[in-house]
There are 2 protein chains.
Amino acid sequence: MSTIHDVARLAGVSIGTVSRVLSGNPATSPESRERVREAALQLGYTPNARAQSLRLARTGVIGLSISDVRNPFFADAAHGAEQEALAAGRVTMLANADEDSAIEARYLRAFRAQRVDGVLMSPQGGSAEGARSLVEAGIPVVLLNRTLDGVDAPVVTFDVRQGIEQAIMHLRDRGHRRIGLIAGPVSVSTGRARVSAFESIRDELGLDPAPELVQLADGRRGGGADAAERLLDLSPAPTAVLSSNALMSSGAFEAIRGRGAAVELVSFDDQDWMRLVDPPLSVIEQDAAHMGAVAMRLLLELIDGGSPRSVTLPTRLIPRG
Amino acid sequence: MSTIHDVARLAGVSIGTVSRVLSGNPATSPESRERVREAALQLGYTPNARAQSLRLARTGVIGLSISDVRNPFFADAAHGAEQEALAAGRVTMLANADEDSAIEARYLRAFRAQRVDGVLMSPQGGSAEGARSLVEAGIPVVLLNRTLDGVDAPVVTFDVRQGIEQAIMHLRDRGHRRIGLIAGPVSVSTGRARVSAFESIRDELGLDPAPELVQLADGRRGGGADAAERLLDLSPAPTAVLSSNALMSSGAFEAIRGRGAAVELVSFDDQDWMRLVDPPLSVIEQDAAHMGAVAMRLLLELIDGGSPRSVTLPTRLIPRG
DNA sequence: CTGTTAGCGCGTTCAC
DNA sequence: GTGAACGCGCTAACAG
């Protein structure tokens, strides 16, 4: 790897001139501009961003920590966030925490060591420590989809109550009175929020309040299947089930079909397959890409010294079947 | 952010001692070890990785450029690669090229500027320039799933011919003689390879050789749907269709169902929904996570000065329906 | 307009 | 066992 000195030598100028030319400083002669550009090209010179950022304040890179790349909801969110950063001239480095707070901690440490300009993260359950220490270290942080108690950072979330309400009212209108919920783990805020919203709306509507209709799962496919089995084992079994994310829905769908049960399944997050199966799933759509983009915009604002407020995004019911 | 000087001051030692303690150099007294650790903890000190890597050769970070995070095949591959790197004590930064070689170029430049230890990438179609310039700059590169002409880097791919053969023989055994192919873009190696493997095996087996049975698409959902429509418009239409990736399969499935056509669809890549729909799809399974892990291992070997050979992975037919 | 120089934060000699 | 000093590659301030 060539350095600025190599370029200077080849161009026959000083390193100061090279630096000026390459950074677009107007205080350079057309002549040296030409020579420097040529030398840089010939050497395939790429400035060392690490050395650069040692002098500068910024690095131009933003850390993005995601719960699980394999969950399309988060993959979409990451994509939306990234596009927004790209448009703002910044590069995003994606870390996959894999729903494991130990891995998350490791990546957050790396982000911190790399001195990224800011961190966008959908926190894991378990501990708020990772996010908190970033905030305390003065690193701009924005939370994605999940809140964290005691962490002073803007959050972008979906309106959980609205989503649950849309789902339950839809099912009630279709005649269901005994509705099950497959919830995510209570270790993450969305898991908790959905359970309490579900309970309160169900009660307001006078539907069957049996506590065993709420089943907690780990947010993964297998967990969704297991929770569905438990619901189907009840007597009487619920006639409809609301599932909190797409992965669990796929497990639940298979379990329900496997038992030949006549249970109507409604899912959070819209995915292609949900309208491909028979019967198709009604869904509570959450525009993950939009969430990612909004969150990135907040983060950029925060990095630029602003103090953006948290944002709650609406959900939308798409009835099917 | 505190620096090594702050720690040294608080601990009452020199920065040299701090550095030695924190890097585990045995030439330190138990006493100063204790004081330094305490000071570092109190300050929440994290060494500046950028400054560190300016002195050291390595950065401990590996760049991973993926064609499309939203394609589960690549998400799985990224996950597999990442796990492998984590196990080797390295952190990976994921870049999403989004099937766009301009974005890819931007990320590769960033990787290069950051002086990552190595780059694992599934190259975009269009230009091999990005990968080539990395290789020429002496940065260890391993290619994922797609090859690139004229780029001297190890590649991990699946056995395309084997996969196509499994699919076609399966369909032939079920009585099909007129089989369509929805192929990825010819700009990427897997797209080209699948077309030629398809044609040669089809001919060897004496099946219908009509050229219009091969339809090129962009690898996305909509492209798959369009290609399927074109196939269905043929007269006679094919009785079976092989689709080159999961995204296109979902589009094709919907198109076929929308026309009420009796066409058997076989897909590359196994995804949950493929056994949930009716009829379920037979698939050519490709273990993406394994591919990612193998590729990462090659890259680590390359970084350590080895010269690993390219690897071809087997595919597996999962008949359904 | 340009060359020189002082750090940015850190690891590593080299003396002590 | 420890401190001082140098240099990694770069930008910005300062002279000229």
Side-chain angles (χ1 to χ4, degrees), chain A residues 1-37 39-40 43-61 109-117 137-139, chain B residues 1-37 39-40 43-61 109-117 137-139:
Chain A
M1 286 266 84
S2 49
T3 76
I4 198 172
H5 287 101
D6 302 325
V7 179
R9 197 175 314 126
L10 185 59
V13 297
S14 74
I15 61 166
T17 300
V18 174
S19 174
R20 278 185 285 262
V21 169
L22 264 29
S23 66
N25 187 320
T28 48
S29 68
E31 189 185 346
S32 46
R33 269 201 287 274
E34 174 59 26
R35 307 186 55 164
V36 167
R37 285 198 206 294
L43 260 38
Y45 170 68
T46 307
N48 186 326
R50 315 186 91 85
Q52 247 170 335
S53 66
L54 208 53
R55 289 269 8 201
L56 272 26
R58 323 199 129 172
T59 60
V61 6
R109 217 160 353 185
F111 281 156
R112 189 168 167 181
Q114 300 290 339
R115 302 294 193 267
V116 296
D117 290 345
I139 298 173
Chain B
M1 286 267 84
S2 49
T3 77
I4 198 173
H5 287 101
D6 302 325
V7 179
R9 198 175 314 127
L10 185 59
V13 298
S14 74
I15 63 164
T17 300
V18 175
S19 173
R20 277 185 283 261
V21 169
L22 264 30
S23 64
N25 187 321
T28 48
S29 68
E31 188 185 348
S32 47
R33 269 201 286 275
E34 173 60 27
R35 307 186 54 164
V36 167
R37 283 197 207 296
L43 261 37
Y45 170 69
T46 307
N48 185 327
R50 316 186 91 85
Q52 249 172 334
S53 66
L54 210 53
R55 287 271 358 195
L56 273 27
R58 320 200 132 172
T59 60
V61 6
R109 218 158 358 189
F111 282 156
R112 187 168 167 181
Q114 300 292 337
R115 303 292 194 269
V116 296
D117 291 344
I139 298 173

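Chain naming here is simple, since letters A, B, ... match the order of the sequence lines and numbering starts at 1 in each.
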If we only count heavy atoms from C-beta on, is the Y45(B) to L22(B) side-chain gap below 4.5 Å?
yes
Mind checking whether Q114(B) and V61(B) have side chains closer than 4.5 Å, heavy atoms only?
no
In whole Å, I'd like the distance from the CG atom of N25(B) to the C1' atom of dG11(C).
10 Å
Which letter, B, S or -, goes with each nucleotide of nucleotides 1-13 of chain D from 5' to 3', with contact meaning a protein heavy atom under 4.0 Å?
SBB---BBBBB-B
I want to check something: taking the side chain as every heavy atom from C-beta on, are H5(A) and V18(A) in contact at a cut-off of under 4.5 Å?
no
Going by salt bridge (Lys or Arg N to Asp or Glu O under 4.0 Å), name the residues that satisfy it together with R37(B), two or more places apart in sequence or in a different chain.
none
Show every salt bridge (charged side-chain N to carboxylate O under 4.0 Å, His left out) that has at least one partner inside residues 14-34 of chain A, sequence neighbours left out.
none
